[in-house]
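Working notes, beginning with the structure itself.
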Amino acid sequence: MKKLSKVQQKQQALVLSVADAIEEQARAQIPGMVQCWFDVEYHLFPGSLLLCFQFEEQAALDAAKPDLLKWQKRLSAAMLKKGVILKDMRKHLTFTLDGPED
């Protein structure tokens with residue numbers, strides 16, 4: 001893996017802190033959520049950021065779907081507090097059954 005530049009390391013730390021905070025909230029409020037993971041290409045940040053809430057089963061995923069927009073807004077607000085504007089918040093958070101290695 002290519003070594004990250006100083007700017008990319010700062011971006012990674014920012015994304016990790018936001019992802020950890022949102023994951024903690026989501027685990028407490030969404031039944032069946034397993035973990036939060038993210039994928040990002042730092043040279044295209046913030047446009048390439050994708051946070052995924054992984055669920056253990058389809059029933060839990062289906063039950064959580066109505067709250068997706070609420071969590072997308074939370075992510076957008078949390079990133080804005082860190083000085084990062086997500087132009088289209090709907091593209092940056094999704095609910096899935098897939099893990100980070102899938």
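Here the structure is a predicted model, which is why all the values come from computation and not from measurement.
- In this structure, the separation between OG1 on Thr94 and CD on Gln72 is 7.5 Å, given to the nearest 0.5 Å.
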Practice problem: Show the numbers, then the answer: is there a side chain to side chain contact (heavy atoms under 4.5 Å, CB included) between Met79 and Leu49? | Solution: CA-CA 11 Å; Met79 293 299 283; Leu49 176 65; 3.8 Å; yes

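- We find the CD-OG distance between Gln12 and Ser5 to be 10.5 Å, quoted to the nearest 0.5 Å.
- A pairwise comparison of heavy atoms in Gly47 and His92 identifies O-CE1, 3.4 Å as the closest pair.
- The two residues Gly32 and Ala60 have their closest heavy-atom pair at CA-CB, 3.9 Å.
- Under the 4.5 Å side-chain contact rule for hydrophobic residues, Phe45 and Leu80 do not share a cluster.
- Between Leu51 atom CG and Cys36 atom SG the span is 3.5 Å, to the nearest 0.5 Å.
- No donor-acceptor distance shorter than 3.5 angstrom exists from the side chain of Asp62 to the backbone of Ala59, with no hydrogens or angles considered.
- Side-chain contact check for Asp67 versus Ile30: every heavy-atom pair is 4.5 Å or farther apart.
- Under the 4.5 Å side-chain contact rule for hydrophobic residues, Leu93 and Met89 do not share a cluster.
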Practice problem: Would you sort out whether Leu97 and Gln58 count as a side chain to side chain contact (heavy atoms under 4.5 Å, CB included), showing the intermediate values? | Solution: CA-CA 7 Å; Leu97 294 175; Gln58 187 64 44; 3.1 Å; yes

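- The number of heavy atoms from other shown groups lying within 6.0 Å of CG (Leu44) is above 12.
- Under a hydrophobic clustering in which Ile, Leu, Val, Met, Phe, Trp and Tyr are joined whenever their side-chain heavy atoms come within less than 4.5 Å, directly or via other members, Val15 and Leu4 fall into the same cluster.
- Not a single ring-ring contact (aromatic ring centres under 6.0 Å, His included) links Phe38 to another residue, sequence neighbours left out.
- Between Arg74 atom CZ and Gln29 atom CD the span is 4.5 Å, to the nearest 0.5 Å.
- Note on Trp37 and Tyr42: separate hydrophobic clusters, where clusters join Ile, Leu, Val, Met, Phe, Trp and Tyr whose side-chain heavy atoms are under 4.5 Å apart, directly or indirectly.
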Exercise. With side chain to side chain contact (heavy atoms under 4.5 Å, CB included) as the test, would you mind laying out the steps for Leu68 and Arg90 before giving the verdict?
Key: CA-CA 9 Å; Leu68 179 58; Arg90 295 175 194 267; over 6 Å; no

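- For Lys70, the NZ atom counts as densely surrounded, since its 6.0 Å shell holds more than 12 non-hydrogen atoms of other residues, nucleotides or ligands.
- Taken from NZ in Lys65 to CZ in Phe95, the straight-line distance is 7.5 Å, to the nearest 0.5 Å.
- With Cys52 as the fixed residue, the side-chain contact (heavy atoms from CB on, under 4.5 Å) test singles out one of Asp98, Asp102, Thr96: Thr96.
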Quiz item: Are Leu50 and Val40 close enough, and set up right, to give a side chain to side chain contact (heavy atoms under 4.5 Å, CB included), and what steps lead you there?
Solution: CA-CA 6 Å; Leu50 177 62; Val40 66; over 6 Å; no

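- Taking hydrophobic clusters as Ile, Leu, Val, Met, Phe, Trp and Tyr residues chained together by side-chain heavy-atom distances below 4.5 Å, Leu86 shares a cluster with Leu16.
- Distance CG/Asp39 to OG/Ser48: 7.5 Å, rounded to 0.5 Å.
- With sequence neighbours excluded, the residues satisfying salt bridge (Lys or Arg N to Asp or Glu O under 4.0 Å) with Arg27 are Glu23.
- Residues Pro100 and Gln54 are in side-chain contact: their nearest non-hydrogen atoms beyond the backbone lie under 4.5 Å apart.
- For residues 66-90, the pairs satisfying ring pair (Phe, Tyr, Trp, His ring centres under 6.0 Å) are Phe53-Trp71, with sequence neighbours left out.
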